[in-house]
S.K.: 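The structure under discussion is supplied below as structure tokens; questions concerning it will follow.
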Amino acid sequence: MTSVLALTGGVGGAKLALGLARVLPPGELTCVVNTGDDFRHLGLDISPDIDTLLYTLAGLADPVHGWGRRDDTATFMQALTALGGATWFHLGDADLAMHVERTHRLAAGHSLVAISDDMRRRLGIAQRVVPMCNEAVRTRVRTAEGWLAFQDYFVRRRCEPAVRELEYLGADAATPVRELQTLATQPGLRAVVICPSNPFLSIGPVLALRGVREALARCTAPVIAVSPIVAGGAVKGPTAKLMGELGFEVGHAAVAAHYAGLVDALLVDDDSGCAPGQAPWITAPTLMQTLEDRERLARCVLDIADRLAAAPRP
Ligand code: FO1
């Protein structure tokens, strides 16, 4: 039974999801994962955020990149290079098995939700890993060069082009998974945690699905977001650069504005720049370098949720 629902995407989100998985009893965590980064490459259906989470929870993630598998080899990429194939997106040999098997099962008519659930069981993961929807939702970014598909922007172009606009293609027509549809009224739900993922690239697609913002706003369980901004910038990745390009001042206030009306508390590492009147700020160390940091932050989030649940609602 789910007692905590985490919304996540990318490496930062997976770190807190791992902390939550380690401090909660097995089976009490359900992670709903961004699929806006998914794409078709070399004929394969690739779901980077699902795989990052699966590998992280299974203890298989590459500790240097955070994505891909630890100790993976590159025979496939070397052979592909020799044949003149597209090498801008690295697919390790063991990781390749995931993409081949997912592609095969999708073509055979299995849903992304069913495939992800089977994969997590086979990897020995007790927590549920649920894609945000079964349909294709594709994040794309508008730059001076026109619209770019997400991985073209993120990996091929290394986030270099300045982003003017974001779009989550297909979000309007997609049906959010049951876990999102029912989160407003799910009995026994202890907390909804918005992980410190990129609010625009990783959480944005989830929030763009029909009814999700409304369900979060009506949720009877405490909704806690953790800001991905640490020491005034992003830990890794394009969050700070993107925020600036989209016209926001880089800081927790822009994160709070993005989640306005949806969260009961925003966890920040430093509330000195936070505007009064926005979501209640709670200060805690949010940098997750070690496994202990992940567990400590997870306990802190759950503690805040429990305190909010016990307090009379305004
Ligand atoms: N990110 C990169 O920066 N370069 C890569 O070559 C790359 C390959 C890759 C392969 C499998 C996978 O699951 C993820 C991979 N990522 C790579 C990460 C990924 O594209 C992004 O981190 C996410 O989409 C953003 O959350």
Side-chain angles (χ1 to χ4, degrees), residues 6-18 31-58 60-78 80-81 85-103 106 112 115-116 119-120 123 125 129 131-132 136-141 148-161 163 166 168-169 194-206 228 234-242 288:
L7 306 185
T8 180
V11 174
K15 287 182 182 178
L16 181 57
L18 177 62
C31 299
V32 174
V33 189
N34 169 43
T35 55
D37 299 8
D38 292 15
F39 74 131
R40 221 176 146 75
H41 181 59
L42 302 173
L44 299 171
D45 290 301
I46 300 182
S47 297
D49 286 1
I50 294 175
D51 294 349
T52 295
L53 185 64
L54 288 173
Y55 294 152
T56 300
L57 294 178
L60 296 172
D62 180 313
V64 176
H65 296 110
W67 50 264
R69 288 178 72 138
R70 70 163 67 234
D71 304 323
D72 211 348
T73 48
T75 305
F76 169 72
M77 291 308 289
Q78 285 156 11
L80 190 63
T81 307
T87 52
W88 59 271
F89 196 81
H90 184 92
L91 296 171
D93 296 335
D95 183 35
L96 198 53
M98 180 68 88
H99 312 305
V100 169
E101 186 56 20
R102 176 186 296 115
T103 306
L106 283 171
L112 190 61
I115 297 166
S116 308
M119 295 303 189
R120 68 100 185 165
L123 293 174
I125 299 167
V129 173
M132 65 187 197
V137 173
R138 297 293 175 257
T139 299
R140 52 178 209 154
V141 302
L148 293 177
F150 179 76
Q151 297 295 346
D152 271 344
Y153 157 74
F154 194 89
V155 177
R156 200 206 294 247
R157 302 296 309 279
R158 296 164 196 222
C159 307
E160 275 161 17
V163 175
L166 285 171
Y168 313 113
L169 271 182
I194 302 181
C195 290
S197 305
N198 185 308
F200 307 96
L201 297 177
S202 297
I203 304 298
V206 186
V235 179
K236 209 180 163 190
T239 304
K241 178 176 179 285
L242 183 81
M288 291 177 284

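Since we're looking at a predicted model, the values are computed, not measured. Whatever order the structure lists ligands and atoms in, that order sets their numbers, starting from 1.
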S.K.: Could you list the residues that satisfy side-chain hydrogen bond (donor to acceptor under 3.5 Å, both in side chains) with Gln78, not counting sequence neighbours?
M.R.: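 For Gln78, no residue satisfies side-chain hydrogen bond (donor to acceptor under 3.5 Å, both in side chains) once neighbours in sequence are set aside.
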
S.K.: What short N/O contacts, under 3.5 Å, does ligand 1 make with the protein, listed by atom pair and distance?
M.R.:
| residue | atom | partner | partner atom | Å |
| --- | --- | --- | --- | --- |
| ligand 1 | 1 (N) | Trp67 | NE1 | 3.4 |
| ligand 1 | 6 (O) | His90 | N | 2.8 |
| ligand 1 | 20 (O) | Gln151 | OE1 | 3.0 |
| ligand 1 | 20 (O) | Gln151 | NE2 | 3.4 |
| ligand 1 | 24 (O) | Asp37 | OD2 | 2.8 |
| ligand 1 | 24 (O) | Gln151 | NE2 | 3.0 |
| ligand 1 | 26 (O) | Asp37 | OD2 | 3.2 |
| ligand 1 | 26 (O) | Asp49 | OD1 | 2.9 |

S.K.: Is it true that Arg102 and Asp51 have a side-chain N and a carboxylate O under 4.0 angstrom from each other?
M.R.: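 Yes, Arg102 and Asp51 are salt-bridged.
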
S.K.: Which residues pass the ring pair (Phe, Tyr, Trp, His ring centres under 6.0 Å) test with Phe200, sequence neighbours left out?
M.R.: Phe248, His258

S.K.: For His41, enumerate each residue passing the ring pair (Phe, Tyr, Trp, His ring centres under 6.0 Å) test, keeping only those at least two apart in sequence or located in another chain.
M.R.: Phe39, Trp88, Phe89

S.K.: Donor-acceptor pair, distance only, cut-off 3.5 Å: does the side chain of Asp45 make one with the backbone of Arg40?
M.R.: no

S.K.: Can you confirm whether the side chains of Asp62 and Tyr55 place a donor and an acceptor under 3.5 Å from each other?
M.R.: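 On atom types as modelled, these side chains do not qualify, holding no pair under 3.5 Å.
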
